[in-house]
Every structure is written in structure tokens, then in C-alpha cells.
There are 2 protein chains.
Amino acid sequence: MADDTRLRILRAGGPIFAGGGFEGTTVREICAAADVNLASVNYHFGSKETLYLETVQLAHQEKLLRVPPAAWPADASPQDKLRVFVGTILNRLLGEGDIGWETRLLMREMIHPTHACRPLVEDYIRPQFDQLLDVLAELLPDTTEPSVRHRVAFSIVGQCLHYRFASEFVSLLIGDERSTGAYSIEELSEHITRFSLGGLEAFRNEQPRSTCLTERPEKRNESGTVSATSIH
Amino acid sequence: MADDTRLRILRAGGPIFAGGGFEGTTVREICAAADVNLASVNYHFGSKETLYLETVQLAHQEKLLRVPPAAWPADASPQDKLRVFVGTILNRLLGEGDIGWETRLLMREMIHPTHACRPLVEDYIRPQFDQLLDVLAELLPDTTEPSVRHRVAFSIVGQCLHYRFASEFVSLLIGDERSTGAYSIEELSEHITRFSLGGLEAFRNEQPRSTCLTERPEKRNESGTVSATSIH
DNA sequence: AGGCGTTTCATACACTTGTTTGAACATAAC
DNA sequence: GTTATGTTCAAACAAGTGTATGAAACGCCT
């Protein structure tokens with residue numbers, strides 16, 4: 001019975017902490033939702049803070065089990081791998097019917113990092129990041145510098161995260177356009193993949209850098225990709 | 001002297017609210033920082049909540065004055081306009097020496113929208129969004145659908161916002177790579193512009209959609225851009 | 001100077017917060 | 001049954017919260 005109340009507190013804490021943040025959430029609230037006595041949280045966790053830390057940990061641990069990492073056949077093209085990766089991330093961020101409170105916890109952790117931040121990144125974020133880097137390795141020249149690879153990776157996940165972080169702003173900006181389905185997970189996944197593959201093209205021919213951007217859109221050089229041939 | 005304390009409260013409230021959020025920030029804290037009496041906030045604002053709303057409003061109002069919107073010569077190429085736009089956004093998000101607490105307020109508002117959200121978007125976000133759409137209009141075919149234009153715009157600002165939202169995660173992921181300067185505002189601006197112009201290329205030849213992404217990177221068709229010619 | 005509306009101040013008021021306490025309860029070993 | 005150990009419970013605690021109050025101080029007009 002002891003472990004039971006412990007788990008009940010942890011599971012109840014997730015969505016509540018996600019909704020209100022650490023401050024803004026009361027232990028009474030959590031205890032009521034978990035249907036346990038008020039003193040239980042201090043008996044089992046010692047303090048509200050360690051309860052929070054354990055909650056964050058468990059939340060992403062369970063989330064990782066529930067929605068597994070991206071996977072693809074061994075002979076998939078790198079483009080398809082990227083598409084699957086983007087789709088997986090978006091599903092993790094936006095999907096799952098209910099509300100996706102786990103990612104709200106993650107967002108809060110991004111804005112206001114606590115001690116839960118570092119293990120979260122190492123256990124939960126870095127594996128996905130490395131997976132994306134592996135895909136990018138197939139799409140970028142071998143000579144591409146690590147920092148450039150990283151920035152490209154951030155450009156891709158940044159597009160995905162935007163629809164989670166700024167979802168309220170997006171809704172206000174586009175009005176009722178969302179009802180057209182243009183912002184479904186499938187459409188967004190397709191769009192981001194397409195945009196990113198285009199963006200990758202700009203890094204396929206390694207240039208010194210930063211000199212390939214002033215070409216006018218009307219003309220296109222023979223390689224077809226933006227290049228450094230025309231500095232205005 | 002009355003307006004003076006009013007303003008002092010508002011200005012002191014900005015960074016404090018940004019740091020601790022609405023909950024997590026005490027009126028006493030703000031009054032101490034503003035060096036005014038505790039009762040002043042209720043005398044001048046009526047409640048903590050309306051103080052918060054007015055604080056958010058003033059913060060972005062002053063921010064908008066301090067770092068003006070992107071501007072370019074009339075004959076600038078759309079590519080250059082995009083570069084300037086991205087640079088301006090990044091400067092607004094990451095620049096300004098101190099800490100940029102205004103954007104933290106904005107981030108909080110994104111995650112946990114309050115009544116301050118709607119006017120914030122209309123007065124502060126939408127003008128920039130429209131400006132970006134104007135630039136994109138020069139880079140995309142006239143036939144491009146509005147929803148596609150919007151998603152492209154989000155792909156661009158998403159890349160920028162990522163370095164503000166996930167800055168802690170970015171730091172943890174890249175280790176001390178930041179010290180190389182690869183994540184300076186200038187470098188990031190250059191990278192995002194380059195990546196985005198590449199991404200835009202993928203939308204230059206309007207395809208039905210979603211069929212242009214499986215081309216293998218080694219071969220390239222004559223137009224040079226990714227296209228719908230090969231479905232695997 | 002004197003009166004008056006406005007603003008400041010110290011203080012107090014409910015109320016909520018996380019945490020503690022000590023008794024009641026359970027369960028198993030002997 | 002008795003003891004021992006681990007767990008729950010209602011109640012209370014001290015500290016901190018937003019807000020209210022009434023007196024004091026100020027500035028300004030006549």
C-alpha cells in the first residue's frame with residue numbers, strides 16, 4: 001500500500017505541475033487529486049521539491065515508453081528517415097489526444113531550468129538529438145563541421161518545437177485557418193520535412209559560408225542550389 | 001510624484017515577473033525593488049493581476065521602441081530582406097547584453113497565456129509576422145496558398161525562437177561549443193537565413209505536395225531543386 | 001495660514017502555503 | 001496475544017500571501 005500511494009502521488013502530480021508549474025501548484029491540490037492524505041507527500045518524498053523532481057523524471061520516463069523513438073527500415077533513404085524523425089517528434093509534441101502535459105513540463109523546464117534539467121537532457125533529449133545527427137550525417141558532406149551539423153539539427157527541431165511553444169500565438173495569428181487541416185500533424189510533418197530538405201540543400205556544397213545568399217530568386221545557377229557564385 | 005511611483009512599480013515589475021512568473025512573484029518583492037510602500041500597488045493598480053497585465057504591456061511597448069523593427073533599403077533583394085529580418089528577430093530575442101527579460105515575459109505568456117496574450121500578439125507579434133509574409137511574397141510563387149506561406153513563416157521564426165526557448169538545452173547539448181562563436185547572433189543569423197532560403201527553394205516550384213522528398217541526395221534533376229519526379 | 005484632495009506609510013487582516021506532530025491503524029514476526 | 005515496524009490520518013504550526021485600513025504627510029489653491 002505504501003508504494004501505491006507513492007505512485008498515485010507521482011502520477012497525479014505530473015499533469016498538475018505541468019499546468020501550474022512548481023509555484024502555482026499546491027501539495028493539497030495534488031493530494032486531493034491522488035486521493036491521499038496531505039501528509040503523505042512529505043512522508044514519502046520529504047518535500048514538495050523532491051516530489052517535483054521525481055515527478056518530472058517519471059513523466060518523461062513513462063512518456064518514452066509510451067511513444068517510442070523513431071524507427072525505420074535499414075534500407076530507408078535518409079530523406080525518409082528525416083521524415084519519420086520529424087513525424088515522431090511532432091507526434092511526441094502535439095499528439096496523444098488528451099493534452100500532452102508531459103511536454104508542458106518539458107517546456108517549463110526549458111524556460112525555468114531546475115535541477116531536473118540536466119538528467120532530462122541527457123536521458124531524454126540527447127538520444128533523439130544524436131539520432132537526428134546520424135540522419136544528417138547521410139545528408140551532409142563529410143567535411144561539414146560539427147557546429148554546422150548541430151545548427152542544422154536545431155533548425156529542424158526548432159521548427160517542430162515552435163508549434164508546441166507558440167501554439168497559442170500561432171492560433172491567434174492564423175485565425176480559423178487551423179480548421180482547414182493545414183496544421184494537422186501529418187501536414188506539418190510533411191511541410192517541415194520538405195522545408196528542411198530544402199534547407200539542407202543549401203549546405204550540401206560546402207562554401208566558406210555566408211556568401212551564397214544574395215542570389216536573386218529569378219536566376220538559378222547550373223548546380224541548381226544556392227551557391228557562392230554571385231556576391232552582389 | 002504619483003505617476004513616478006506608478007512607473008517605478010511597473011518598471012521594477014517587469015524583470016521580476018519575468019523571472020518568477022505571476023505566481024512565484026510577490027508584491028512585496030516588487031515594492032522592495034521599486035522602493036515604494038507595499039500598499040502602493042493596490043492603490044495604483046487595484047490588484048496584483050492588473051499590475052501584471054500593465055507590466056507586460058509596458059514591457060513590450062518599451063522594447064518595441066528600444067529595438068525598432070527591421071528596415072531595409074527599398075531596392076534590397078528579398079534575400080537580403082530576409083537576412084535583415086532574421087537578424088532583427090534574433091537581436092530582439094538574444095541580444096541586448098543584460099538578459100533580455102522582456103522576451104522571458106513573452107515566453108511565459110506563450111506557455112501560460114493570460115489575458116495579456118491577445119493584445120500582445122496583435123500589437124507586437126502580428127506586425128512582425130506580416131512583415132515576414134511580405135518578404136516571403138517576393139520569394140514564393142503567387143499561387144502559393146496562404147496556409148503554406150504561413151507555415152513557411154513559422155518555419156523561419158521557429159528556428160529563431162528555438163535559441164531563446166531551448167537555450168538551456170542547447171547549451172547542455174553542445175557543451176562548450178558555444179565558446180567557438182558558432183552561436184553568436186551573427187553566425188546564427190547567417191545560418192538561419194541560409195537554411196531558410198534553401199527551404200524556400202523547395203517551395204518555389206509548386207507541387208501538389210509531399211511527393212518531392214524521397215529523391216536521393218546523390219542524384220539531382222536538371223532544375224536542380226528537389227522535385228516530384230521520383231517517387232520511390 | 002488654513003483647508004482639501006491626493007498620495008504615502010505602518011500595520012493589521014484574513015487566508016493559503018509547505019511542513020510537522022502525535023495518535024491511530026495496519027500487518028507481520030515471534 | 002504482544003511487540004515492532006511501517007503507514008495513514010486529522011489537526012495544528014509558523015511563515016508568507018494579497019489586500020484593506022486609517023492615520024500621517026504632501027502639494028496646491030484660496
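Each chain gets a letter, A, B and so on, in the order its sequence line appears, and its residues count up from 1.
Scored by the side-chain hydrogen bond (donor to acceptor under 3.5 Å, both in side chains) test, Tyr124(B) finds no partners at all (sequence neighbours excluded). Here Glu62(B) pairs with Arg11(B) under the salt bridge (charged side-chain N to carboxylate O under 4.0 Å, His left out) rule; sequence neighbours left out. Looking at residues two or more places apart in sequence or on another chain, you find no salt bridge (charged side-chain N to carboxylate O under 4.0 Å, His left out) involving Glu145(B). Residues meeting the salt bridge (charged side-chain N to carboxylate O under 4.0 Å, His left out) test with Glu109(B), sequence neighbours left out: none.
The shortest heavy-atom contact between Thr25(B) and Ile16(B) is OG1-O, 3.2 Å.
Taking only side-chain nitrogens and oxygens, His44(A) comes nearer than 4.0 Å to OP1 or OP2 of dT8(D). Between Thr5(A) and dT8(D) there is a side-chain polar atom (N or O) within less than 4.0 angstrom of OP1 or OP2.
In this structure, the side chain of Arg151(A) engages the main chain of Ala182(B) through a donor-acceptor pair within 3.5 Å.
For residues 25-53 of chain A, no pair satisfies salt bridge (Lys or Arg N to Asp or Glu O under 4.0 Å), with sequence neighbours left out. Judged as a salt bridge (Lys or Arg N to Asp or Glu O under 4.0 Å), the pairs with a partner in residues 110-129 of chain A (not counting sequence neighbours) are, in order, Glu122(A)-Arg126(A).
Rounded to whole Å, the distance from CZ on Phe45(A) to C1' on dT8(D) is 15 Å. Atom C1' of nucleotide dT8(D) and atom CZ of Arg8(A) are separated by 11 Å, given to the nearest angstrom. One interatomic measurement links the two molecules: CG of Asn42(A) to C1' of dT19(C), which rounds to 5 Å at whole-angstrom precision. Atom C1' of nucleotide dT16(C) and atom NZ of Lys48(B) are separated by 12 Å, given to the nearest angstrom. Taking atom CD1 of residue Ile30(B) and atom C1' of nucleotide dT19(D), one finds them 15 Å apart after rounding to whole Å. Taking atom CG of residue Leu51(B) and atom C1' of nucleotide dT19(D), one finds them 14 Å apart after rounding to whole Å. Rounding to whole angstrom units, CZ of residue Arg6(B) and P of dT8(C) are separated by 12 Å.
Sorted by residue number, the members of residues 32-40 of chain A with any non-hydrogen atom under 4.0 Å from DNA chain C read Leu38(A), Ala39(A). The stretch residues 22-29 of chain A comes close to DNA chain C through Thr25(A), Thr26(A), Val27(A), Arg28(A), each having a heavy atom under 4.0 Å from the strand.
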For residues 170-178 of chain B, which side-chain donor-acceptor pairs fall under 3.5 Å, sequence neighbours excluded?
| unit_1 | atom_1 | unit_2 | atom_2 | d |
| --- | --- | --- | --- | --- |
| Ser171(B) | OG | Ser167(B) | O | 3.1 |
| Ser171(B) | OG | Arg178(B) | NH1 | 2.5 |
| Glu177(B) | OE1 | His150(A) | ND1 | 2.8 |
| Glu177(B) | OE2 | His150(A) | ND1 | 3.1 |
| Glu177(B) | OE2 | Tyr183(B) | OH | 2.7 |

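Residue Ser47(B) has its side chain nearest to dT19(D) when only dT20(C), dT8(D), dT19(D) are considered.
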